[in-house]
There are 2 protein chains.
Amino acid sequence: MAVTIKDVAKMAGVSPSTVSRVLSGHPRISQKTASKVRTIMTELGYHPNMMAKSLVSKTTKSIGVILPKPAEELFLNTFFMELIRGIVSQANKSGYDIVISSGANEQEEVEAVGRLVHGGRIDGAVLLHSRQNDPVVEYLHNLDFPFVLVGRNEQYQDVLSVDTDNVQAAYDATRHLISFGHERIGFVSGPKNLIVSKDRMKGYKKAMHEAGLSTKSEWIVEDDFLQESGYRAMSFFMTLPERPTALVVIDDVVSFGVLRGLNELGYKVPEDLCIVSFNNNAVSELYSPPLSSVDIGIYHLGYVASQALIQAIQGDDKSLFCKRHIIPHRLMVRQSSMHNVMRTT
Amino acid sequence: MAVTIKDVAKMAGVSPSTVSRVLSGHPRISQKTASKVRTIMTELGYHPNMMAKSLVSKTTKSIGVILPKPAEELFLNTFFMELIRGIVSQANKSGYDIVISSGANEQEEVEAVGRLVHGGRIDGAVLLHSRQNDPVVEYLHNLDFPFVLVGRNEQYQDVLSVDTDNVQAAYDATRHLISFGHERIGFVSGPKNLIVSKDRMKGYKKAMHEAGLSTKSEWIVEDDFLQESGYRAMSFFMTLPERPTALVVIDDVVSFGVLRGLNELGYKVPEDLCIVSFNNNAVSELYSPPLSSVDIGIYHLGYVASQALIQAIQGDDKSLFCKRHIIPHRLMVRQSSMHNVMRTT
DNA sequence: CTGAAAGCGCTTACAG
DNA sequence: CTGAAAGCGCTTACAG
């Protein structure tokens with residue numbers, strides 16, 4: 001049997017209450033008693049029982065994370081790992097543990113968080129991505145349960161969130177290509193229901209529009225574009241009468257598929273087509289050619305998300321905290337976009 | 001305030017004990033009472049408080065996972081994500097949650113599991129990788145606390161573990177190259193302290209030896225070989241008087257670095273050098289050239305690890321369970337190794 | 001088949 | 001500065 005507060009108390013010749021108080025650093029405890037108790041604690045190898053503590057304090061010192069199903073976003077693998085790493089680091093630093101759960105679909109996700117929330121297992125939750133009409137956001141919001149969103153929510157604007165300025169990021173990426181003389185620039189997007197797809201699309205269009213360039217609908221690929229379809233997509237793109245000379249791509253891993261397709265078709269990057277994408281995957285700089293990518297500081301996103309959430313959990317006046325944190329991004333220019341095009345205008 | 005067992009009891013006109021019993025599916029409860037109680041429960045939106053339950057049952061229905069620091073094995077990113085995904089899926093299916101913690105170094109890792117174990121937060125732990133003289137294994141083993149190891153341990157052979165037969169896997173990979181006529185085959189390994197590096201090295205040497213081929217020490221790169229050093233390593237390899245014509249590489253991401261180096265030096269794969277590596281990264285089949293890789297079923301490793309652990313936790317007679325599970329692997333042959341060499345013998 | 005009671009290991013007013 | 005007591009929400013012998 002593990003050693004309890006009672007054992008320590010008896011050994012130290014004090015009451016359990018006193019032991020509890022030195023444990024929580026209560027101010028009105030004499031130095032002498034405190035140090036004596038502490039000595040006994042290490043001597044006996046005492047560790048407080050978190051379950052008992054949680055039961056009475058109504059606080060668990062842990063936060064929940066729902067792992068998204070791979071299906072719809074296989075290619076974001078490293079994204080989630082980096083995010084979780086950031087979350088775990090900062091949470092641990094603040095004395096919190098991370099509880100991970102998962103659901104095979106949105107319904108199951110709601111059930112999973114429901115179990116965690118109502119079971120009293122977590123003090124708050126972080127949602128790893130933003131979808132349209134996310135039932136989990138709906139659920140947590142109605143419960144008024146503390147949570148933070150990586151991304152943003154369209155229905156509830158005031159939700160605590162940590163995000164990249166994806167409109168700006170896509171705008172920057174597109175501007176970069178425009179500055180190299182490209183006029184026909186395509187956009188390869190991700191799943192339509194992700195807010196990130198929407199925002200980056202917006203930034204892309206904005207940059208094109210501002211530069212007086214048109215965005216033909218056949219230059220835009222949306223929906224679940226998986227790496228595997230890179231070949232097909234490219235064979236379509238490249239045979240267009242007015243084919244794009246550059247592409248903005250939603251994620252580096254999608255670019256890998258695109259590059260594979262182009263390679264099979266005998267096209268060279270960046271000579272025949274320039275590419276810039278997002279998320280700065282670890283593999284991107286090793287690729288041939290090295291891939292230009294917008295680094296969005298994924299680890300940092302996770303770190304700040306955890307920080308903001310814990311602040312919200314512990315804070316008294318929630319309205320005081322910044323509701324929306326934007327993490328700066330940075331375009332890493334590499335070979336895949338380093339090619340000047342003559343302006344034909 | 002959340003609804004408790006007492007509220008349900010009062011509402012249903014029974015005692016709390018009865019409610020508790022229908023909750024746990026106790027056999028000697030009348031159908032009538034049971035269904036009445038259940039109705040009230042959903043009506044009131046009752047959810048059992050896990051903390052209270054844990055406190056008395058001495059069981060948490062959650063298992064701990066320590067996240068390794070990125071530093072030493074950055075390139076294994078997707079490996080850990082897949083592993084965790086497998087663990088989470090199976091654990092959730094069995095009604096367990098996953099608690100994740102991390103440490104910046106081995107000492108901190110021990111402290112992290114210590115907190116989880118002694119705080120009574122977890123019923124068991126899974127260790128994501130195997131190192132030589134792992135203090136965490138030491139710690140858990142001495143405590144006789146249930147845990148499962150992905151990989152194997154050298155000091156304690158009888159530890160519950162789930163592993164790839166890495167000797168065989170490397171043997172297979174090397175044989176594959178030998179069958180294409182290669183005689184000078186190099187090996188690019190990973191961190192020396194990982195058991196996986198050691199095992200794959202052994203398989204490589206075994207295959208070489210069996211085929212009557214020698215393994216020069218300058219054909220072997222060990223230690224923290226990061227992707228970034230691919231260039232340097234390759235410029236060394238390729239200028240050797242008797243340079244290798246093929247390479248076995250510890251992980252696909254390391255191969256990406258190698259390919260980058262070769263590309264910059266103007267060598268072609270597979271024509272100038274054949275490559276086969278491990279872990280079948282999602283990006284590998286998209287690469288140019290597509291990378292031959294041994295698929296070790298990472299998700300499956302995680303799934304079985306979780307399963308074995310939970311079985312061990314719940315089982316009465318621990319000795320009955322298989323202590324060591326081997327997950328089958330499979331070589332995915334792709335372009336990077338598809339090149340015949342003339343035998344010069 | 002069901003209830004009253006004790007207890008899991010802690011915290012926290014309430015006294016002193 | 002410290003202790004005795006009640007209680008967090010549940011489970012589980014022990015009776016009946």
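What's counted below: heavy atoms across the whole structure, side chains too, no hydrogens, waters or symmetry copies. Here is the naming used below: chain letters follow the sequence lines, and residue numbers restart at 1 for every chain.
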Please name the pair of heavy atoms, one in B:I63 and one in B:Y96, separated by the smallest distance, quoted to 0.1 Å. CG2-CD2, 3.7 Å

Take atom CE of A:M51 and atom C1' of C:dC8, then tell me their distance rounded to the nearest Å. 13 Å

Go along nucleotides 11-16 of chain C 5' to 3' and tag each nucleotide: B for a protein heavy atom under 4.0 Å from its base, S when only backbone or sugar atoms are that close, - otherwise. BBB---

With the side chain defined as heavy atoms from C-beta on, B:N49 is closest, among D:dG9, C:dG3, C:dG9, to D:dG9

With no hydrogens and no angle check, do the side chains of B:S57 and B:T59 hold a donor and an acceptor under 3.5 Å apart? no

Over how many whole Å does the gap from B:K58 atom NZ to D:dC10 atom P extend? 17 Å

Which of parallel (below 30°), tilted (30 to 60°) and perpendicular (above 60°) describes B:H118 and B:Y139? perpendicular

I need the CE-C1' distance between A:M50 and C:dC10, as an integer number of Å. 11 Å

note: A:M41, atom CE; C:dC10, atom C1'; distance rounded to Å ~ 14 Å

Looking only at the side chains, is there a donor atom on one of B:S20 and B:S17 sitting less than 3.5 Å from an acceptor on the other? no

Give one of base, sugar-phosphate or nothing for B:T33, where a contact means two heavy atoms less than 4.0 Å apart. sugar-phosphate

What integer distance in Å separates A:H26:NE2 from D:dG3:C1'? 13 Å

Nearest whole angstrom, please: distance from the C1' of D:dG9 to the CG of B:D7. 10 Å

Represent DNA chain D in dot-bracket notation, 5' to 3'. Only Watson-Crick or G-U wobble pairs with both distances under 3.5 Å count; pseudoknot-style crossings use [ ] and interstrand partners use |. |||.||||||||.|||

Measuring to OP1 and OP2 of D:dG3, would you say a side-chain N or O of A:S15 lies under 4.0 angstrom away? yes

Below 4.0 angstrom from OP1 or OP2 of D:dC1, is there any side-chain N or O of A:S30? no

Any salt bridge between B:K61 and B:D123, counting N to O under 4.0 Å? no

B:V162 and B:A305 have their tightest heavy-atom pair at CG2-CA, 3.5 Å

Partners passing salt bridge (charged side-chain N to carboxylate O under 4.0 Å, His left out) against B:D7 (at least two apart in sequence or in another chain): none

Rounded to whole angstroms, how far apart are CD on B:Q31 and P on C:dC1? 9 Å

Side chains of B:Y299 and B:S89: donor-acceptor distance under 3.5 Å anywhere? yes

Rounded distance in Å between the C1' positions of C:dT12 and C:dG16: 16 Å

For the residue pair A:H129 and A:P68, establish whether any side-chain heavy-atom pair is separated by less than 4.5 Å. yes

